[in-house]
Chemist: 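Below: one structure in C-alpha cells.
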Protein chains: 2
Amino acid sequence: MTSIEDVAKSLGVSTATVSRALRGLPGVSPSTRSRVEQEAQHLGYVPSSAAAGLASGRTMALGVLLPQIERWYFSAVLEGVDRRLRAAGYDLVLFSLGGSGVNRGRVFHRSILRKRIDGLLVLCLELTDSERSSLLELESPTMVVGGAVEGVRHVGIDDGAAARDAVEHLIGLGHTRIGHLRGGGSFGIDFQVPRIRETAYRRTMADHGLVIHPEWEVFGDFRFKEGLAGALQMLADPGNRPTAVFCSSDEMAFGVLRAAVELGIDVPGELSVIGIDDHEFSDPMGLTTIRQSPVEQGDFAAGILLDELRGQPAADVIPVQPHQLIVRGSTGPVPR
Amino acid sequence: MTSIEDVAKSLGVSTATVSRALRGLPGVSPSTRSRVEQEAQHLGYVPSSAAAGLASGRTMALGVLLPQIERWYFSAVLEGVDRRLRAAGYDLVLFSLGGSGVNRGRVFHRSILRKRIDGLLVLCLELTDSERSSLLELESPTMVVGGAVEGVRHVGIDDGAAARDAVEHLIGLGHTRIGHLRGGGSFGIDFQVPRIRETAYRRTMADHGLVIHPEWEVFGDFRFKEGLAGALQMLADPGNRPTAVFCSSDEMAFGVLRAAVELGIDVPGELSVIGIDDHEFSDPMGLTTIRQSPVEQGDFAAGILLDELRGQPAADVIPVQPHQLIVRGSTGPVPR
DNA sequence: GTGAAAGCGCTAACAG
DNA sequence: CTGTTAGCGCTTTCAC
C-alpha cells in the first residue's frame, strides 16, 4: 500500500506538506499543492483512516444505532443520514439490533464505545436505564431521531399535533364513529411515539365531544399484517363499526384498506382511512395521510451533528420537523 | 480515555499481556487473563479500533455498497449482513448511492479505498467499467449479492429458474394469455436480474408454445407505483387482456392487485397474479410468489467473507441460493 | 508465560 | 511556506 511517505519522497517534500496539501489546509503554495495532488493521484495514494484517526482523534465516521433496518421509517432516515454524511466526506457505521434483543448489550458496550465514530445517531429505540446512561456518558455528540429519549437532543415531528390533525380531518368530514389502530413497541422499539399519538387521538375525540368505543381501538404494531388483523376485528360487525379509522402508521392503514377489500366495504364510501407517514406506497394506494419526511429528518439530524463536530456551538433547541396533511382518495364524507 | 497502558500499569503487567489476554490469544495464564479482564472492565477500557487497525492491518469492519437503502430487497440484505457481522464482532460501514448517481465517483475512490474496511459486499449495482476495475483491484475480499458482476463472486438465486417456476405455475393452472411486468435498472441498479427474468419468461412461454403479446409486456421498474401504472395500461382493454400476470417483483405485483381493484377485476377469478420475492406484505396481501430470502443471502455472503478473513481458503464456487413457490390466493385456474 | 521495543501511517505543534 | 519531531494506542516479533 502506498503511504504518505511514498508521495513525500517521490516529490522531495515532507509528509507534513503532503498531508496539508491533500486536506486543503492553508499554508501550502498553490504550485506545491497541485504537484502533491497530482502525484498522489498518480501513485494511487489513499490515506489510511486508521492512521489519520489515531493521530487526529477524529474518525470521520458517524454511527447510526437503530432497532431494525428493514422498515420504511428506519431505512428512509438512514438514507437521509447517509446522504448528508457522504456529502461531507464522512462514513456511516451501522448498528442494527436486527429486530431482536440478541447481542444488544454487546452493541452498546463493544462496538459503539470502540472509538470508531465521532458521533452517534439513535433511531426510535426504547432504551434501558443502563443503555441510556451509557449514551449520556458518551463523550461524542449524540442525537436521537424519531422518538425522544430523556436527556438527549431530539429530531422529529410533533406527534401529538400530527395525530390531532389526522383525527380532525376525519371529524371535519362529519365522522363521529372513529376507530384507532395503535402502533406498538415490539423488540425494543420506542413506544413513546405510539403512545403520544394515541393520547392525542383520545384527547381530540374528547375535545370534540366524541365517544371512544374501546373495541374500536386496536393494536397493530405499526405494521401491515398486524394492522390487517386488527382491522378485520374492528370492522367485523357491520351493525356496529366505525365509519373512519385513524392509523398511527400508513402500513397499518394499508392493512385497513386490505381488510375493507376482503370484507367488501367501500372506501371511502362506507369507510374513511387515514394514516401517518406518507409511505412510498401511500400515493399509489390513494391513502390520505399525514406526511412526514424521514429522509429529511435523517439528513437534518446528521447535519447538526456534523456542524458540532466542525466546532459550531451545540444546538440546544432543535426545531420540530414539519408534517402535513395529504388528502387522497381514502377519506370522504361520513355515510348517512 | 483510558488506554491499554492504564490497564497494564494498574496491574503491573505489560501492554502486550493485556492485549493478548483481552483478545483471547494463547500464552497467558488463566489467572493473569482473568485479572486483566476484570481490571479492564473495572476501568471501562475499550480498545481503540483505529490504533488496533493501524497496528494489525485489520479494521474489523466490512463495507456494504448499495444503490439505495430504502427498498425491500436492499434493506433486507443489509439486515442479514449486519446480523452476521455483529455476531462476529465486526462493524458494518455503509455506502449508499442514495438512488442517484451523485457523488458516485467519490464513494468509489475516497471512502471505499480508504482502508477503513477489510472486505466489501456489493449489492445489485450496475457498475461502469472503471468502477468494476476498481473493485477487482481491491486487495480485500469482495463479494456481490443479488446481481452478478463479471469477475466477482456472487451470491443470489437462480433468477432464470425462479422466473420459469413462476410462469409454469400459471401455465399449470391453464393460463395461456400471460403478461409480464418487467423490472428495471434505474439509477445504476443492476439490470442483469430483470433481463434474466424476462428472458426466462419468454423462453418458458415459447417452450410451451404460447404467444407473447408485446402490449402485455410492460416496464414497472420493480416498484409499486410504476407497476400500478403498467398494469393499468396492460389491463385497460377488457376484450383483450391477459388472464395472468407474471411480475418480476412483488412490489410490482402489488401494483397489479391495486389495478385490479381499481378496474373491478376479480383476483383470482378473472386475473391471476404472481410475483418474485415474498415481500413482507405478500403474505397479508395473499400474493402468490416465488420466495427468496435476502436476509439469508446477506448473512451467507457476509459469512463467506468473514471466513476468508479468518484465513480460510477463498470459496470459488458459491452455491446458488434457494427459491420456492409460495401459493396464496392471487393465482387460480384460468377463467373460461 | 511475560516483557521490551519497534513500528503501523498519519497529524500537529513547533521551528525556521 | 515548509520541514522536524513527537506522539496517537495498539499489535507483534523477539527475547527471556
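All of these numbers come straight from a predicted model, not from anything done at the bench. Every heavy atom of this structure was used, including side-chain atoms; hydrogens, water molecules and symmetry mates were not. First the proteins, then the strands, lettered A, B, ... as listed; each starts at 1.
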Chemist: Return the value, rounded to whole Å, for the distance between atom NZ of A:Lys115 and atom P of D:dC8.
Modeler: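 Distance check: A:Lys115 NZ to D:dC8 P gives 13 Å.
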Chemist: Given atom CG of B:Asp118 and atom C1' of C:dC8, what is their separation to the nearest angstrom?
Modeler: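 So the CG-C1' distance, B:Asp118 to C:dC8, works out to 15 Å.
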Chemist: A:Arg58 has an atom CZ; how far is it from atom C1' of C:dT11, in whole Å?
Modeler: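 Atom-to-atom, A:Arg58 to C:dT11, this comes out as 9 Å.
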Chemist: When you compare the side chain of A:Leu135 with that of A:Thr142, does any pair of heavy atoms fall below 4.5 Å?
Modeler: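 They are in contact (side-chain heavy atoms under 4.5 Å apart), so the answer is yes.
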Chemist: Any side-chain N or O of B:Ser3 less than 4.0 Å from the OP1 or OP2 oxygen of D:dG9?
Modeler: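 No.
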Chemist: Any idea which of D:dC10, C:dT11, C:dC10 is nearest the A:Ser19 side chain?
Modeler: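 Selected nucleotide: C:dT11.
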Chemist: Heavy atoms only, 4.0 Å cut-off, all strands: where does B:Ser49 land among base, sugar-phosphate and nothing?
Modeler: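 Result for B:Ser49 = nothing.
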Chemist: So B:Arg33, base contact, sugar-phosphate only, or nothing? Heavy-atom distance under 4.0 Å.
Modeler: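 Result for B:Arg33 = nothing.
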Chemist: Between the side chains of B:Glu308 and B:Arg153, is the shortest nitrogen-to-carboxylate-oxygen separation below 4.0 Å, so that they form an ion pair?
Modeler: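 Salt bridge: yes.
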Chemist: Roughly, in whole Å, what's the span from CZ in A:Arg23 to P in C:dC10?
Modeler: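 Going from A:Arg23 (CZ) to C:dC10 (P), I get 11 Å.
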Chemist: Among the candidates C:dG1, D:dG3, D:dC8, find the nucleotide nearest to the side-chain atoms of A:Leu54.
Modeler: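 Side chain of A:Leu54 sits closest to D:dC8.
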Chemist: Can a side-chain donor-acceptor contact be found between B:Ser19 and B:Arg23 if the only test is distance below 3.5 angstrom?
Modeler: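 Judged by distance alone, the side chains do pair up.
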Chemist: For the atom pair CD1 (B:Ile157) and CD (B:Glu296), what is the distance rounded to the nearest 0.5 Å?
Modeler: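 The distance works out to 14.0 Å.
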Chemist: Just by modelled atom types, is the B:Ala21 backbone N or O under 3.5 Å from a matching donor or acceptor in the B:Arg33 side chain?
Modeler: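 Yes; judged by distance alone, with no hydrogens or angles, the pair exists.
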Chemist: Any side-chain N or O of B:Thr32 below 4.0 angstrom from OP1/OP2 of C:dT2?
Modeler: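 The answer is yes; a side-chain N or O of B:Thr32 sits under 4.0 Å from OP1 or OP2.
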Chemist: Using whole Å, report how far CG of B:Asp6 lies from P of D:dG9.
Modeler: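 Taking CG of B:Asp6 and P of D:dG9, I get 9 Å after rounding.
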Chemist: Both B:Thr15 and B:Ala51 contact DNA chain C. Which one's nearest nucleotide lies toward the 5' end?
Modeler: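 Its nearest nucleotide lies further toward 5', so the answer is B:Thr15.
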Chemist: From D:dT11, D:dC8, D:dG3, pick the nucleotide closest to the side chain of B:Ser56?
Modeler: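 Nucleotide nearest to B:Ser56's side chain: D:dT11.
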Chemist: Is any side-chain heavy atom of A:Val7 closer than 4.5 Å to one of A:Leu22?
Modeler: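 No, every pair of side-chain atoms sits at 4.5 Å or beyond.
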Chemist: Can you tell me the distance, in whole Å, between the CD1 atom of A:Ile4 and the P atom of C:dG9?
Modeler: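 One finds 11 Å between P of C:dG9 and CD1 of A:Ile4, rounded.
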Chemist: Does D:dG9 have OP1 or OP2 under 4.0 Å away from a side-chain N or O of B:Ser48?
Modeler: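 Checking B:Ser48 against D:dG9: no side-chain N or O falls below 4.0 Å of OP1 or OP2.
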Chemist: Between C1' on C:dG3 and CD on B:Glu5, what's the gap in Å once rounded to a whole number?
Modeler: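 Taking atom C1' of C:dG3 as the reference, CD of B:Glu5 is at 13 Å.
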Chemist: Please state how far atom CG in A:Leu43 lies from atom C1' in C:dG9, giving the value in whole angstrom units.
Modeler: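 Distance check: A:Leu43 CG to C:dG9 C1' gives 16 Å.
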Chemist: Can you give me the N/O atom pairs linking the protein to nucleotides 13-16 of chain D at distances under 3.5 Å, or say none if there are none?
Modeler:
none

Chemist: Using only atom types and a distance under 3.5 Å, with no angle test, would you say the side chain of A:Glu79 pairs donor to acceptor with the backbone of B:Ile69?
Modeler: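 The answer is yes, because a donor-acceptor pair under 3.5 Å joins these two groups.
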